[in-house]
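Naming: A, B, ... by sequence-line order, numbering from 1 per chain. Reckoned from all heavy atoms, side chains included, excluding hydrogens, waters and symmetry mates.
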There are 2 protein chains.
Amino acid sequence: MARRPIYLDYAATSPVHPEALAAMLPYFSERFGNPSSIYGIARQARQAVDDARERIASWLGCRPADLIFTSGGTESDNTAIKGVAFAARATGNHLVTTAIEHHAVLHTCDYLEKFGFEVTYVPVDSDGLVSPDAIAAALTDRTILVSVMLANNEVGTVQPIREIAALLRAQPRRIWLHTDAVQAPGDLDLDVDALGVDLLSLSGHKFGGPKGVGLLYVRRGAPFQPQQYGGSQERNRRAGTENVPAIVGMAAALDVVMRERETVRPRIVRLRDRLIDGVLQCIPNARLNGHRTLRLANNASFSFEGVDGESLLMALDLAGVAASSGSACTSASLEPSHVLTAMGLPSEVARGSLRLTLGPDTTDDDIQTVLDLLPTIVARLRSALVEA
Amino acid sequence: MARRPIYLDYAATSPVHPEALAAMLPYFSERFGNPSSIYGIARQARQAVDDARERIASWLGCRPADLIFTSGGTESDNTAIKGVAFAARATGNHLVTTAIEHHAVLHTCDYLEKFGFEVTYVPVDSDGLVSPDAIAAALTDRTILVSVMLANNEVGTVQPIREIAALLRAQPRRIWLHTDAVQAPGDLDLDVDALGVDLLSLSGHKFGGPKGVGLLYVRRGAPFQPQQYGGSQERNRRAGTENVPAIVGMAAALDVVMRERETVRPRIVRLRDRLIDGVLQCIPNARLNGHRTLRLANNASFSFEGVDGESLLMALDLAGVAASSGSACTSASLEPSHVLTAMGLPSEVARGSLRLTLGPDTTDDDIQTVLDLLPTIVARLRSALVEA
């Protein structure tokens with residue numbers, strides 16, 4: 001094919017930004033030291049990790065010491081939820097989360113149920129929106145932690161975290177708030193005090209940093225227990241040699257997306273809206289999944305009745321368009337998305353879902369090409385299904 | 001300083017081998033896909049992870065499906081020990097390990113004690129050698145797991161894993177054997193059947209791979225429970241987006257060290273022996289830590305009575321030599337090494353320890369420089385201590 005492939009799956013992963021890769025490269029070879037050692041090249045590595053921590057802390061409005069570098073968003077979510085649960089066990093055994101969280105949150109909650117924790121899964125409305133009142137109603141006098149994502153990875157709905165934080169602060173006893181903010185960088189504000197969150201998870205490769213690195217913010221005073229043990233790295237909160245190049249790359253990538261947010265975000269919103277409007281206009285029985293306005297700048301998620309989602313993805317792939325049905329982490333599964341199901345979509349509609357997520361390199365031409373291709377592909381798949 | 005710095009801390013970390021870095025680079029940018037997705041660039045990433053797994057499996061003599069990619073040696077050790085302990089809990093609550101394991105093993109055992117597990121820490125002799133008889137004597141009818149490192153990271157002593165494996169196989173009930181083999185690649189055989197181990201941990205950055213990636217081998221049929229939950233990656237045994245570039249880099253680095261072992265290892269042994277003989281000959285009251293012959297090819301560990309280890313490291317650093325007192329992971333600690341203490345060294349001797357670990361780039365000139373420098377530095381520090 002002559003045309004370059006069109007990548008519209010930035011919510012699954014992103015290419016490492018050239019600035020981030022350039023920042024990383026020296027730490028693989030000439031500055032390869034172990035930050036725990038004391039000689040020259042090790043001090044360079046230590047300094048690089050310290051610098052990265054300070055720069056990220058400044059974007060999050062927190063102390064550098066409140067940040068723990070992890071191997072990714074999944075480790076951050078696991079560590080946050082297990083960390084609070086086991087450390088605050090003496091004060092309660094009840095957790096509150098939502099039906100549309102990432103599996104890194106939901107399956108960690110499943111795991112904790114084996115240890116005697118009880119979990120309430122708050123439902124969402126048809127837009128995928130969590131109601132603060134529903135969170136409030138789920139609280140008991142044994143609740144220790146609430147975990148609500150900042151924005152949903154499949155349908156893009158942005159949750160009212162500030163309102164949830166405010167209602168938790170108004171409770172007679174302290175209930176800690178964790179948010180999976182993995183989809184937020186480059187779009188939403190990450191200031192932990194403005195958000196009112198006590199723990200926050202990020203994943204490097206979702207915003208132009210490398211895979212294999214993530215971040216967990218833990219507010220000073222929040223209960224915490226490490227997930228993995230060994231050396232005294234990360235102030236005894238996460239053992240294991242620091243992944244120096246990846247930490248440096250993640251910090252550089254966050255600098256890029258935060259610095260360019262004011263110029264890049266409006267362009268992505270314009271392209272996303274053009275895509276959403278075009279699809280809804282040109283394809284009959286197309287449904288936008290997620291809230292129309294309270295949604296991630298880069299997310300366009302649809303359901304097409306009478307279309308098999310996997311066939312749709314394969315047809316798009318053949319046409320040189322990389323897209324997703326829901327989340328990358330569950331794409332091998334034949335089950336309809338737990339997010340779409342929680343939003344009340346019948347499974348035959350949920351199976352015909354398509355997530356297109358835009359990035360800083362997405363162009364008007366990319367969107368036009370998808371708008372040219374998609375109606376034909378959907379019509380063809382629908383007629384094939386009718387004939388079968 | 002005109003002379004290039006001399007790096008003699010390969011046991012702490014190693015530079016990424018140029019061949020490994022070259023293999024990694026495409027996966028940061030043009031082949032950046034998420035292996036769980038289904039389109040072109042994602043399939044390239046999936047293929048790269050599959051290839052890496054197959055090549056590593058061939059060096060370990062195991063099935064590719066028996067390998068789990070982790071974020072490093074610490075995660076591998078934690079996952080192995082907690083994984084067997086929690087999964088085999090119904091059959092017993094007793095673990096056996098040794099007094100000289102890495103903290104990733106020892107502190108994981110501490111953690112398990114909070115959950116009702118009992119741990120026996122088998123002592124070692126003055127060479128840091130674990131006796132199979134002592135392991136046998138520690139077994140009870142509740143023992144489910146034995147964890148003994150293949151070679152010690154501080155003093156280099158290689159443990160009789162095959163003998164320990166044989167005696168465990170002779171027990172009336174199955175007791176699983178884990179080995180932390182982090183220091184072994186490039187030196188010792190890694191064939192899991194020849195070793196007789198059921199679980200084996202590796203860390204990429206110890207043998208020319210990148211930081212932030214490791215490996216856990218789990219024999220088919222061994223009890224296992226994941227450490228972190230989320231997506232279905234790694235056959236539901238380790239959730240989280242695969243760290244594609246790092247996995248590719250680790251496999252390439254293992255290819256290099258295994259391929260070059262026959263030529264590189266004898267040279268390193270010769271240089272190590274020259275270093276050991278020279279130090280013992282030229283410096284009075286110098287002691288070699290660890291077994292003289294049953295030791296890692298690249299490890300020379302000494303104790304100098306009447307010398308402060310930290311001052312020694314700083315003097316070497318000023319002279320352009322990167323070395324360690326014990327393990328990098330505990331270098332910030334003022335405690336004498338738990339390994340040297342377990343070997344019966346008085347703490348005032350253990351505090352004067354120096355670990356020099358060689359790598360493929362170490363030269364005769366490097367060793368000569370250290371042999372020229374060290375006697376003077378030790379003498380100066382000793383006289384300073386006497387004067388003080």
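- For a residue to count as touching a neighbouring chain, one of its non-hydrogen atoms must lie under 4.5 Å from one of that chain's; by this rule B:Leu25 touches chain A with the side chain only.
- Heavy atoms closer than 4.5 Å to chain A are found nowhere in B:Tyr10, neither backbone nor side chain.
- A distance-only check finds no donor-acceptor pair linking the side chain of B:Asn34 to the backbone of A:Thr13 [under 3.5 Å].
- In this structure, the portion of A:Ser14 lying under 4.5 Å from any heavy atom of chain B is its backbone and not its side chain.
- Note that the CZ atom of A:Phe86 and the CZ atom of B:Phe115 stand 4.5 Å from one another [nearest 0.5 Å].
- Put simply, the side chain of A:Met24 reaches to within 4.5 Å of the side chain of B:Phe28, judged on heavy atoms.
- When side chains are defined from C-beta on, B:Ser37 counts as touching A:Asp9, because their heavy atoms get closer than 4.5 Å.
- At a threshold of 4.5 Å between non-hydrogen side-chain atoms, the residues A:Thr74 and B:Arg238 do not count as touching.
- Contact annotation for A:Ile41: only side-chain heavy atoms (C-beta onward) come within less than 4.5 Å of a heavy atom of chain B.
- For B:Lys211 (side chain) and A:Phe32 (main-chain N/O), a donor-acceptor pair under 3.5 Å exists by modelled atom type.
- The candidate from B:Ala104, B:Gly72, B:Pro210 with the greatest count of non-hydrogen atom pairs under 4.5 Å with chain A is B:Ala104.
- Using a 4.5 Å heavy-atom cutoff, the side chains of A:Gln225 and B:Tyr111 are in contact.
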### Task
List the steps and the verdict of side chain to side chain contact (heavy atoms under 4.5 Å, CB included) for B:Gln227 and A:Gln228.
CA-CA 9 Å; B:Gln227 166 160 292; A:Gln228 70 186 40; 3.2 Å; yes

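- Contact of B:Ala239 with chain A is made through backbone and side chain together, with heavy-atom distances under 4.5 Å.
- Listed for the A:His103 side chain is no donor-acceptor partner under 3.5 Å among the backbone atoms of B:Gly230.
- Contact of B:His205 with chain A is made through the side chain alone, with heavy-atom distances under 4.5 Å.
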### Task
I would like to know whether A:Asp110 and B:Tyr229 meet side chain to side chain contact (heavy atoms under 4.5 Å, CB included); could you show each step before the answer?
CA-CA 9 Å; A:Asp110 292 345; B:Tyr229 295 87; over 6 Å; no

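- Ranked by heavy-atom pairs under 4.5 Å with chain B, the list A:Ala42, A:Pro15, A:Gly212 is led by A:Pro15.
- The greatest number of non-hydrogen atom pairs below 4.5 Å with chain B, out of A:Pro35, A:Gly33, A:Pro245, A:Gly249, is found for A:Gly33.
- With a 4.5 Å cut-off on non-hydrogen atoms, B:Asn78 touches chain A through its side chain but not through its backbone.
- For a residue to count as touching a neighbouring chain, one of its non-hydrogen atoms must lie under 4.5 Å from one of that chain's; by this rule B:Ala323 touches chain A with the backbone only.
- With a 4.5 Å cut-off on non-hydrogen atoms, B:Thr70 does not touch chain A at all.
- Both the backbone and the side chain of A:Ala322 have a heavy atom closer than 4.5 Å to some heavy atom of chain B.
- With chain B as partner, the option from A:Arg31, A:His17, A:Lys82 having the largest number of non-hydrogen pairs under 4.5 angstrom is A:Lys82.
- A:Ser325 contributes atom OG, which lies 7.5 Å from atom CD1 of B:Ile38 (distance to the nearest 0.5 angstrom).
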